[in-house]
Trainee: 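For reference, the structure I am asking about is given below.
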There are 2 protein chains.
Amino acid sequence: MISYPILLEKFQTLLKENQLKFTKQREFVLKFLYENDEHFTPEEIYTLLKQKYPDINIGIATVYRTLALLEASQIVSSISFGTAGKKYELGLKKHHDHLICTKCGEIIEFLDETIEQQQKLIAKQFNFKMTDHAMKIVGLCKNCQD
Amino acid sequence: MISYPILLEKFQTLLKENQLKFTKQREFVLKFLYENDEHFTPEEIYTLLKQKYPDINIGIATVYRTLALLEASQIVSSISFGTAGKKYELGLKKHHDHLICTKCGEIIEFLDETIEQQQKLIAKQFNFKMTDHAMKIVGLCKNCQD
DNA sequence: CTGACTGCAAAATCTTTGCAAAGAC
DNA sequence: GTCTTTGCAAAGATTTTGCAGTCAG
């Protein structure tokens, strides 16, 4: 897994290349996602950041704007979650897919090479230039089956 | 593929079992999805229905309510489409997955047995009771690669 | 300094809800 | 008749935008 200083540098380079500025709000969002290896809604990121760092000045709009920026830069990725918006996670880890529990909302990650290979094959078959792919298995997790 | 009269009967039985009523609004939505074998947003379904049958009385709220009902009954299924809501399609055909073009928005369906099998296997591995699964391959379709 | 970024609040979307009237059974 | 469903408009929820002040480079 990539270390935080390296990730940060990557982000700063990317900003510079696009004449964008490096601000503490942007860093806070990045750092938050790095340190919390889960899936969050923009709202959650906003609330938890405020809670953890009561002194920082950040607005929900900035969280949205930053996430959009990070997603466009392929630094974070998002996953749609039912009717209720998207959840974001750091996107730099090895590609993986998700099991989503409809009852408790838990998201479990997994990686399956057979599926990865098969996806490439399918894209090729359809003359599709694949930029991303995602698989969700929806159901009840072990704990919620009672 | 299931014929419309049979689908309709299935729907009516389902309604009866749950002490729900069979209304023309509900039938219009069902019929629309049967006759238009594509993916639609609630808004699209509403607008197109109004356009095709200027005389019917139906509100957007009813479309939402009907789609929720149909989805809960597993008659239609939905697919999340970027930040902009969900699209619905009749869910009675054989399970299939989607290729989504990020430029023109086209959705291509495909079916791959290898992937279907693999998904079952994974759910089992994680002790997950799978109720649904979905795969999206996102990218540029043949026409949009220029 | 200059131009990008930010927070705020307002606006725009998208979806759900309350309610009185209409409709199914 | 009874109880569900409907359309409407209002309310909610979520996300985006305009703008004047702030900040990075």
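Below, all heavy atoms of this structure are taken into account, side chains as well, without hydrogens, waters or symmetry copies. Lettering of chains follows the sequences in order, A, B, ..., and the numbering in each one begins at 1.
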Trainee: Using whole Å, what does the distance between atom P of nucleotide C:dT13 and atom CD1 of B:Ile60 come to?
Mentor: 14 Å
Trainee: Whole Å only: how far is the CD1 atom of A:Ile45 from the C1' atom of D:dT15?
Mentor: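 Distance, rounded to whole Å: 14 Å.
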Trainee: B:Lys50 has an atom NZ; how far is it from atom P of D:dT6, in whole Å?
Mentor: 14 Å
Trainee: In whole angstrom, what separates A:Phe28's CZ from D:dC23's P?
Mentor: 15 Å
Trainee: Knowing that exactly one of B:Tyr53, B:Tyr4, B:Tyr88, B:Phe40 qualifies, which makes a ring-ring contact (aromatic ring centres under 6.0 Å, His included) with B:Phe32?
Mentor: B:Phe40
Trainee: Looking at B:Glu35 and B:Lys52, is any side-chain nitrogen of the basic one under 4.0 Å from a carboxylate oxygen of the acidic one?
Mentor: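 The answer is yes: the pair qualifies as a salt bridge.
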Trainee: Rounded to the nearest 0.5 Å, what separates atom CD in B:Glu43 from atom CG in B:Leu48?
Mentor: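 These two atoms lie 10.0 Å from each other.
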Trainee: In this structure, how many angstroms lie between the P atom of D:dT14 and the CD atom of A:Glu44, rounded?
Mentor: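 Rounding to the nearest Å, CD of A:Glu44 and P of D:dT14 are 11 Å apart.
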Trainee: Within this structure, what is the CG-to-C1' distance between B:Asp55 and D:dT6, rounded to whole angstrom?
Mentor: 17 Å
Trainee: Using a distance-only test with no angle check, is there a side-chain donor-acceptor pair under 3.5 angstrom linking B:His98 and B:Glu89?
Mentor: yes
Trainee: Measure up the A:Phe22 and A:Phe11 rings against each other and bin them: parallel (under 30°), tilted (30 to 60°), perpendicular (over 60°).
Mentor: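 It falls in the perpendicular class, over 60°.
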Trainee: Please give, in whole Å, the distance from D:dT6 P to B:Phe22 CZ?
Mentor: 11 Å
Trainee: For B:Leu15 and B:Ala61, take the nucleotide of DNA chain D holding the closest heavy atom to each; which residue's nucleotide lies nearer the 5' end?
Mentor: B:Leu15
Trainee: Less than 4.0 angstrom between a side-chain N/O of B:Thr23 and OP1 or OP2 of D:dT4, yes or no?
Mentor: no
Trainee: Given D:dT5, D:dT15, C:dT6, which nucleotide is nearest the side-chain atoms of A:Gln25?
Mentor: C:dT6
Trainee: Hey, which of these two, A:Tyr64 or A:Lys16, hits DNA chain D nearer its 5' end, going by closest nucleotide?
Mentor: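 In this pair, the answer is A:Tyr64.
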Trainee: A:Leu20 has a side chain; which of D:dC8, C:dA4, C:dT6 sits nearest to it?
Mentor: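 Comparing D:dC8, C:dA4, C:dT6 against the side chain of A:Leu20, the answer is C:dA4.
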Trainee: Is there a donor on the side chain of A:Lys21 or the base of C:dA4 sitting less than 3.5 Å from an acceptor on the other?
Mentor: no
Trainee: With the side chain of A:Arg65 defined as its heavy atoms from C-beta on, choose the nearest nucleotide among D:dG18, C:dA24, C:dT17.
Mentor: D:dG18
Trainee: Quick one: label B:Ile58 by what it contacts on the DNA or RNA (base, sugar-phosphate, nothing), any heavy atom closer than 4.0 Å.
Mentor: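 Sugar-phosphate, no base atom in range.
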Trainee: To the nearest angstrom, how far is A:Lys24 atom NZ from C:dC5 atom P?
Mentor: 14 Å
